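Let me begin by presenting the structure, written as structure tokens, before commenting on it.
For the numbers below, each heavy atom of this structure counts, side chains included, while hydrogens, waters and symmetry mates do not. Since the structure is predicted, the reported quantities are computational estimates derived from the model, not experimental observations. Note on naming: letters A, B, ... go to the chains in the order of the sequence lines (proteins, then strands), and numbering restarts at 1 for each one.
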2 protein chains.
Amino acid sequence: MSKPRAKLTDNFPGCPVESTLSFLDGKWKGVILYHLLEDGTLRFNELRRRIPSVTQRMLTKQLRELEEAGLVERTVFPVVPPRVDYKLTPLGLSLEPVIAALRLWGKEHVICENGRKYMVMPEAKTPSKAA
Amino acid sequence: MSKPRAKLTDNFPGCPVESTLSFLDGKWKGVILYHLLEDGTLRFNELRRRIPSVTQRMLTKQLRELEEAGLVERTVFPVVPPRVDYKLTPLGLSLEPVIAALRLWGKEHVICENGRKYMVMPEAKTPSKAA
DNA sequence: CGGCATCCCGAGGGATACTG
DNA sequence: CAGTATCCCTCGGGATGCCG
């Protein structure tokens with residue numbers, strides 16, 4: 001709801017880019033959004049399982065920030081073993097093209113393996129034979 | 001060139017998103033890329049002027065990281081007043097859809113004003129009267 | 001003009017332990 | 001199950017000053 005949630009960005013042509021990125025800021029927001037887009041609704045530990053190297057502290061924090069930003073909706077069920085669902089709000093869902101673009105570029109240009117990243121150059125010059 | 005420039009990402013479905021975001025990490029990479037996409041080639045101070053609140057230290061750092069990542073090419077002209085040009089590499093240019101998506105979402109959902117950001121909700125429920 | 005070098009601070013974020 | 005609460009430390013990043 002139009003909170004002045006500002007992080008001092010430039011009021012300049014590139015600003016929309018800056019602004020959008022500021023919502024994806026933090027180490028895990030992108031992946032969280034990705035999984036919520038994929039699976040619709042997820043419980044806390046379901047998310048954890050999908051993002052193995054996140055700690056519960058960080059997952060909680062990032063989810064709260066996403067919630068505050070109005071991108072994620074948190075639903076608490078008052079049941080014996082606590083149950084909390086996370087899903088995207090309409091605003092969160094509107095990020096789908098952004099996440100899709102990020103994902104596509106990653107799939108095309110980055111090899112993710114054993115927690116390492118390797119760049120994949122576009123113009124494969126294949127100097128003589130690929131390494 | 002396939003340097004193991006890793007920042008420990010998850011080897012999981014969301015990984016491409018993570019990976020791509022890791023290249024946009026840092027406070028200014030997104031905007032820098034945006035402006036280089038817009039203008040093609042820019043000198044150091046031309047970039048500074050387009051990103052008023054960046055310090056030269058930070059601009060330098062982020063440019064170096066983009067260069068190391070293979071997204072930006074730096075050309076030094078050995079002339080009396082030093083001249084350095086920055087432009088995108090083919091790999092950098094390939095990020096165009098990503099930046100475009102970021103920019104579009106920002107333009108549609110964020111109002112950037114006086115260094116503040118205001119969210120623009122999609123479903124204007126106007127409960128009774130907007131606050 | 002286009003940088004480095006240095007100092008310094010606070011936020012980001014990991015590890016661990018406890019709780020309703 | 002889904003968190004809080006602490007501790008602690010790295011490092012992102014601003015400010016300032018000097019240089020070829």
Side-chain angles (χ1 to χ4, degrees), chain A residues 5-10 14 18 21-32 35-36 39 41-69 72-87 115, chain B residues 5-10 14 18 21-33 35-36 39 41-69 72-87 115 117:
Chain A
R5 180 138 309 288
K7 282 190 184 174
L8 210 28
T9 55
D10 282 324
E18 248 183 296
L21 280 175
S22 76
F23 288 103
L24 304 179
D25 202 30
K27 205 171 174 179
W28 308 102
K29 300 228 179 72
V31 220
I32 292 174
H35 286 295
L36 289 180
D39 298 321
T41 299
L42 288 172
R43 302 180 54 171
F44 188 79
N45 278 338
E46 288 176 332
L47 267 169
R48 279 192 76 178
R49 257 171 261 125
R50 278 162 177 77
I51 315 176
S53 41
V54 76
T55 63
Q56 75 281 62
R57 166 174 152 67
M58 270 305 115
L59 183 53
T60 305
K61 269 193 66 181
Q62 305 269 353
L63 281 169
R64 293 294 142 84
E65 292 178 25
L66 288 171
E67 194 189 357
E68 234 209 286
V72 162
E73 188 188 334
R74 178 167 177 267
T75 314
V76 182
F77 298 88
V79 293
V80 189
R83 170 186 177 152
V84 181
D85 280 2
Y86 292 94
K87 56 174 293 204
Chain B
R5 180 139 307 288
K7 283 189 183 174
L8 209 30
T9 56
D10 280 325
E18 250 184 294
L21 280 176
S22 76
F23 287 104
L24 304 180
D25 201 30
K27 204 171 175 181
W28 308 103
K29 299 228 180 73
V31 220
I32 293 173
L33 291 172
H35 287 294
L36 289 180
D39 298 320
T41 299
L42 288 172
R43 301 179 57 171
F44 188 80
N45 279 338
E46 288 177 331
L47 267 169
R48 280 191 75 177
R49 256 171 262 126
R50 279 165 177 74
I51 314 174
S53 41
V54 76
T55 63
Q56 75 283 63
R57 166 174 153 68
M58 270 306 114
L59 183 52
T60 306
K61 270 193 65 181
Q62 305 269 344
L63 281 169
R64 291 297 142 81
E65 291 178 26
L66 288 171
E67 193 189 358
E68 234 209 288
V72 162
E73 188 188 334
R74 178 169 177 267
T75 314
V76 181
F77 298 88
V79 292
V80 189
R83 170 187 179 153
V84 181
D85 282 2
Y86 291 94
K87 55 174 293 202
K117 287 185 338 232

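For B:E65 and D:dC11, the CD to P distance is 13 Å, given to the nearest whole Å. A straight line from CZ of A:R83 to C1' of C:dG20 spans 19 Å, rounded to a whole angstrom. Computed from coordinates, the A:E46 CD to D:dA2 C1' distance equals 13 Å when rounded to whole Å. Distance, B:L63 CG to D:dG12 C1': 16 Å, rounded to whole Å. One interatomic measurement links the two molecules: CG of A:L59 to P of C:dA15, which rounds to 14 Å at whole-angstrom precision. With rounding to whole Å, B:D85 atom CG is found 8 Å from C:dG2 atom P. Rounded to whole angstrom, the span from the CD1 atom of A:I51 across to the P atom of D:dA2 amounts to 14 Å. The separation between A:D25 atom CG and D:dC11 atom P is 17 Å, rounded to whole Å.
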What's touching nucleotides 4-8 of chain D from the protein side, N or O pairs under 3.5 Å?
residue	atom	partner	partner atom	Å
D:dT4	OP1	A:R64	NH1	2.4

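Ion pairing between a basic and an acidic side chain is recognised when a charged N comes within 4.0 Å of a carboxylate O; B:R50 and B:D39 show such pairing. Checked for salt-bridge contact, A:K87 and A:D85 miss the test: no charged N lies under 4.0 Å from a carboxylate O.
If you check D:dG14, D:dG3, C:dG14 against the side chain of A:K27, the one that comes closest is C:dG14. Among the nucleotides C:dG14, D:dA2, D:dG14, the one closest to any side-chain atom of A:F44 is D:dA2. Set against D:dC1, D:dG12, C:dA15, the side chain of A:T55 has C:dA15 as its closest nucleotide.
Listed pair B:Q62 / D:dG12 fails the phosphate criterion, with no side-chain N or O lying under 4.0 Å from OP1 or OP2. Between B:R43 and C:dG2 there is a side-chain N or O to OP1 or OP2 distance below 4.0 Å. Look at A:Y86 and you'll find a side-chain N or O under 4.0 angstrom from OP1 or OP2 of D:dG3.
For the atom pair OG1 (B:T60) and CD (B:E65), the distance works out to 11.0 Å, reported to the nearest 0.5 Å. Separating the CD atom in A:Q62 from the CD atom in A:E67 is a distance of 13.5 Å, to the nearest 0.5 Å.
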Exercise for review: Let me see the working for B:W28 and B:L63 under side-chain contact (heavy atoms from CB on, under 4.5 Å), right down to the final yes or no.
Suggested key: CA-CA 9 Å; B:W28 308 103; B:L63 281 169; over 6 Å; no
Practice item. Dump the intermediate steps for side-chain contact (heavy atoms from CB on, under 4.5 Å) on B:L36 and B:T41, then the final yes or no. Key: CA-CA 6 Å; B:L36 289 180; B:T41 299; over 6 Å; no
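For the pair A:M58 and B:R48, both in contact range of DNA chain C, the more 5′-proximal nearest nucleotide belongs to B:R48. Where B:N45 and A:V80 meet DNA chain C, the nucleotide closest to each residue was compared, and B:N45 sits on the side nearer the 5' end.
Residues A:T75 and A:V84 are not in side-chain contact: their nearest non-hydrogen atoms beyond the backbone lie 4.5 Å or more apart.
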